[in-house]
Amino acid sequence: MWVRMRTLTLRPDQPFDLHQTLSCGQVFRWQKEDNGWWQGIVGAQVIRIHQDGNTLTFRGASPKVIRDYFALDMNLPEILASIDRDTAIHAAIESNRGLRIIQQPPWECTLSYLIATFSNIPTIQRRIEALSREFGKKISEEEKYYGFPDPKAFRSRCLDSLENCRLGYRRSYLEDTACRLASDTGWEDRIRALSYEESRKELMTLRGIGPKAADCILLFAFQRYEAFPVDVWIHRIMEERYPDLRGKGNEAIRRFGQEYFGKYAGYAQEYLFAARQVPMSQASW
DNA sequence: TTCCAGGATGCGA
DNA sequence: TCGCATCATGGA
């Protein structure tokens with residue numbers, strides 16, 4: 001089937017780096033092809049996209065979807081200026097400028113970060129692919145792409161094929177949380193209506209969603225940019241770059257990050273995460 | 001074989 | 001409230 005190719009011209013004063021944005025670990029269903037194009041599945045859409053300077057060329061989505069998904073209308077220079085508080089974050093900004101926090105669908109983001117706990121990125125990607133194959137709808141007959149499972153797929157308890165997804169101990173968490181959210185159509189609106197702290201507590205009532213996953217979900221799916229997720233990498237980076245934090249727990253690091261970087265602390269977290277020194281043995285891109 | 005990964009849960013003190 | 005052990009899985 002012929003699919004229309006479209007283009008979008010970026011504003012020169014609003015930096016955007018497609019590669020940094022898709023390869024920093026915030027999304028799990030994008031792959032870079034040898035020819036420089038990126039291909040990803042968002043909901044039930046297969047999107048292919050390429051950047052050449054200020055021009056984005058893509059297919060599989062409307063320009064509005066692309067603008068919204070990549071948050072192209074947010075004033076990135078203003079955000080980066082607000083978090084650019086010392087040499088450590090400044091270096092992270094300089095080496096990743098153009099990275100934008102993607103606006104992910106809440107349902108998909110929540111389940112993805114639930115099964116992401118205590119795993120590495122390649123393993124997370126495989127789990128999400130397996131989950132999509134078992135419970136999602138086939139998008140393309142010939143290429144065998146599967147959309148992320150719809151909530152309807154989890155409204156019954158017939159989830160035997162979760163066994164094939166090899167989620168480990170996360171399986172029961174996914175089962176409980178997916179079934180609960182699938183039958184609670186108002187949960188997204190309820191989260192949006194709450195304050196940051198309240199919405200975080202609400203998310204943490206879901207089985208398998210703890211402090212870190214809740215902050216990822218708020219940051220990546222609910223545009224709560226004050227969220228500052230602390231995982232093993234951020235813990236390590238913050239201890240190393242801010243010596244006063246040595247020996248402190250994740251909660252203290254989270255609060256420091258939020259107070260220090262302000263209302264866009266989540267952007268600071270993402271830039272520090274993107275600038276982390278990943279051992280070659282663990283690099284996935 | 002051993003270590004580690006975008007942690008969360010449950011239990012005991 | 002805090003610290004700690006435990007929990008599957010897969011890659012290097």
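Bear in mind the structure is a predicted one, so any value in this text is a computation, not a measurement. Protein chains get the first letters and strands the later ones, always in sequence-line order, with residue 1 at the start of each.
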ask   = Going 5' to 3' along nucleotides 7-13 of chain B, which nucleotides have protein heavy atoms under 4.0 Å from the base (write B), which only from the sugar-phosphate (write S), and which from neither (write -)?
value = BSSS---
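- In this structure, A/I121 atom CD1 and C/dA12 atom P are separated by 14 Å, rounded to whole Å.
- A side chain to side chain contact (heavy atoms under 4.5 Å, CB included) with A/L80 is found for exactly one of A/L99, A/I93, A/N96, namely A/I93.
- Legend: ring pair (Phe, Tyr, Trp, His ring centres under 6.0 Å) pairs involving residues 234-255 of chain A, not counting sequence neighbours, sorted by first then second residue: A/Y242-A/F256, A/Y242-A/Y260.
- OP1 and OP2 of B/dG6 both lie 4.0 Å or more from every side-chain N or O belonging to A/R236.
- The distance between atom CG of A/L162 and atom P of C/dT9, rounded to the nearest whole Å, is 13 Å.
- Across all strands shown, A/R170 has heavy atoms under 4.0 Å from base atoms, whether or not it also approaches the sugar-phosphate.
- Applying the ring pair (Phe, Tyr, Trp, His ring centres under 6.0 Å) test to every pair with at least one member in residues 40-79 of chain A, sequence neighbours left out, gives these pairs: A/F16-A/F70, A/W37-A/H50.
- Listed by residue number, the members of residues 245-272 of chain A with any heavy atom below 4.0 angstrom from DNA chain B are A/Q269, A/E270.
- A distance of about 22 Å separates the C1' atoms of B/dT9 and C/dG10, rounded to the whole Å.
- Here the P atom of nucleotide C/dT9 and the CZ atom of A/R126 are 14 Å apart, to the nearest Å.
- The side-chain ring of A/F273 is stacked on the base of B/dG6, judged by centre separation under 5.5 angstrom and plane angle under 30 degrees.
- In this model, no donor atom of one side chain and acceptor atom of the other lie less than 3.5 Å apart for A/N164 and A/S161.
- Straight-line distance between the P atoms of B/dC4 and C/dA5: roughly 16 Å, to the nearest whole Å.
- In this structure, the ring-ring contact (aromatic ring centres under 6.0 Å, His included) partners of A/Y267, at least two apart in sequence or on a different chain, are A/Y225.
- Residues of residues 219-229 of chain A that place a heavy atom closer than 4.0 Å to DNA chain B, in numerical order, are A/F220.
- For residues 196-220 of chain A, the pairs satisfying ring pair (Phe, Tyr, Trp, His ring centres under 6.0 Å) are A/Y113-A/F220, with sequence neighbours left out.
- Between A/I124 atom CD1 and B/dC4 atom P there is a gap of 18 Å when expressed in whole angstrom units.
- Listed by chain and number, the residues in a salt bridge (Lys or Arg N to Asp or Glu O under 4.0 Å) with A/R192 amount to none (sequence neighbours excluded).
- Distance A/H235 NE2 to B/dC4 P: 15 Å, rounded to the nearest Å.
- Remark: A/E163 engages A/R171 in a side-chain hydrogen bond (donor to acceptor under 3.5 Å, both in side chains) (not counting sequence neighbours).
- Remark: C1' of B/dG6 and CD of A/Q104 are 12 Å apart, rounded to the nearest angstrom.
- Every residue was checked against the salt bridge (Lys or Arg N to Asp or Glu O under 4.0 Å) condition with A/E239, not counting sequence neighbours, and none meets it.
- Judged as a salt bridge (Lys or Arg N to Asp or Glu O under 4.0 Å), and not counting sequence neighbours, A/R166 has no contacts.
- Rounded to whole Å, the C1' atom of C/dG11 lies 22 Å from the corresponding atom of B/dA8.
- If you measure from atom CG of A/L167 to atom P of C/dG10, you get 10 Å, rounded to the nearest angstrom.
- Judged by the 6.0 Å distance and 45° axis criteria, A/R190 is not positioned over the aromatic ring of A/W187.
- By the salt bridge (Lys or Arg N to Asp or Glu O under 4.0 Å) test, A/R254 is found to be paired with A/E197, A/E251, residues two or more places apart in sequence or in another chain being considered.
- Nucleotide B/dG6 holds its P atom 18 Å from the CE atom of A/M238, rounded to whole Å.
- Between C/dT6 and B/dC3, the distance separating the two P atoms is 16 Å to the nearest Å.
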